[in-house]
Amino acid sequence: MRPNTVLIAATVLGLFLVSILAGYIAGERYFRPRSQPPVAIVRPPGTPTPRPPERMPPPPTVPPGPPVAATPRLRVGAPSPAAPPAVAVTPVTPTPAEAPAPVVPPVPPPESPPEAPPVERLSIVQVGAFERRENADALIARLRADGFQPYLVHEDGLYKVRAGAFRERARADELVERLRARGYPVMIVH
């Protein structure tokens with residue numbers, strides 16, 4: 001081997017080992033679990049702070065009695081052994097400790113919902129209502145030719161041609177007069 005080949009091989013091997021070490025260190029930092037900041041518990045004003053739970057009394061001990069014999073295994077076809085003697089067991093029932101009733105804060109009555117704003121009724125100027133779309137489109141073309149800006153609404157199975165919707169009734173009345181002057185049958189709907 002030539003000296004240059006050995007030097008190159010040693011350099012590549014060294015870089016390989018350095019990259020493995022760097023990857024290991026970066027992985028340790030990335031995958032190490034991070035501690036979470038403590039979570040603050042916010043209670044509404046006037047809510048009592050809960051007390052820590054009280055320790056439960058230890059379970060009652062059962063006095064030692066005679067040992068209970070294990071049931072022997074039976075072989076198929078073997079004669080059944082005599083029944084083991086009955087052992088009288090008296091159940092021990094623990095007396096429940098009287099715990100104070102939990103304090104439940106009074107629930108305020110629900111507030112009445114805020115009053116809905118008054119429904120705004122628009123004065124809508126309607127020029128025609130048709131079962132067929134073609135008739136409505138023809139009226140819209142005539143209205144546009146006369147300088148109006150009609151629009152089409154499909155409602156209740158009818159194609160309704162309308163020329164405007166206004167908050168003030170006076171503006172709707174002005175448009176009605178202009179349309180009637182041109183010979184259109186007009187009505188105001190709400």
Side-chain angles (χ1 to χ4, degrees), residues 19-20 22-60 91 93-190:
S19 65
I20 288 178
Y24 176 76
I25 292 171
E28 281 292 314
R29 287 189 177 191
Y30 181 76
F31 290 111
R32 180 178 299 141
R34 294 182 179 97
S35 62
Q36 297 290 332
V39 178
I41 298 174
V42 179
R43 291 186 177 80
T47 305
T49 305
R51 295 185 312 185
E54 296 179 11
R55 293 186 148 235
M56 297 289 293
T93 56
T95 58
E98 291 187 26
V103 178
V104 179
V107 178
E111 295 181 13
S112 61
E115 285 190 33
V119 177
E120 185 175 339
R121 294 180 55 130
L122 296 175
S123 298
I124 301 170
V125 179
Q126 184 168 306
V127 184
F130 304 94
E131 289 181 358
R132 297 182 59 192
R133 170 95 187 234
E134 297 83 25
N135 296 339
D137 289 338
L139 179 59
I140 288 174
R142 281 188 20 222
L143 285 166
R144 285 191 178 139
D146 286 341
F148 296 102
Q149 296 176 351
Y151 58 95
L152 183 65
V153 176
H154 187 254
E155 186 177 73
D156 301 326
L158 295 174
Y159 294 97
K160 299 178 180 181
V161 178
R162 294 180 176 169
F166 302 96
R167 289 187 181 132
E168 297 97 22
R169 176 67 186 242
R171 292 186 62 203
D173 289 337
E174 289 174 14
L175 181 59
V176 166
E177 292 304 317
R178 287 184 20 223
L179 286 165
R180 285 189 179 150
R182 297 281 179 117
Y184 293 105
V186 182
M187 63 186 289
I188 295 180
V189 295
H190 293 284

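Between Asp137 and Arg133, at least one side-chain nitrogen of the basic residue sits less than 4.0 Å from a carboxylate oxygen of the acidic one, meeting the salt-bridge criterion. In summary, Arg162 and Glu155 engage in a salt bridge, as defined by a charged side-chain N under 4.0 Å from a carboxylate O.
When all heavy atoms of His154 and Tyr159 are compared, the pair lying nearest together is CD2-CE2, 3.1 Å. Across every non-hydrogen atom of Ile124 and Ala165, the tightest pair is CG1-CB, 4.0 Å. Annotation for Leu158 and Glu131: closest pair CD2-CG, 3.7 Å, computed over non-hydrogen atoms.
Note: Arg182 CZ to Leu143 CG = 10.0 Å, rounded to the nearest 0.5 Å. Rounded to the nearest 0.5 angstrom, Arg171 CZ and Ser123 OG are separated by 11.0 Å. Note: Leu175 CG to Ile188 CD1 = 8.5 Å, rounded to the nearest 0.5 Å. The distance from the CG atom of Leu152 to the NZ atom of Lys160 is 11.0 Å, given to the nearest 0.5 Å.
For the side chain to side chain contact (heavy atoms under 4.5 Å, CB included) test with Tyr184, the passing option among Leu179, Val176, Val161 is Leu179; the others fail.
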Inset, instruction - Show the numbers, then the answer: is there a side chain to side chain contact (heavy atoms under 4.5 Å, CB included) between Leu122 and Arg167? - result: CA-CA 5 Å; Leu122 296 175; Arg167 289 187 181 132; 3.7 Å; yes
Legend entry - CA sep, side-chain torsions, deciding dist, call: Arg169, Asp173, salt bridge (charged side-chain N to carboxylate O under 4.0 Å, His left out): CA-CA 6 Å; Arg169 176 67 186 242; Asp173 289 337; 3.2 Å; yes
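Two residues are said to be in side-chain contact when any heavy atoms from C-beta on lie closer than 4.5 Å; Phe166 and Glu174 fail this criterion.
The local environment of CD in Glu134 is crowded, with over 12 non-hydrogen atoms from other residues, nucleotides or ligands closer than 6.0 Å.
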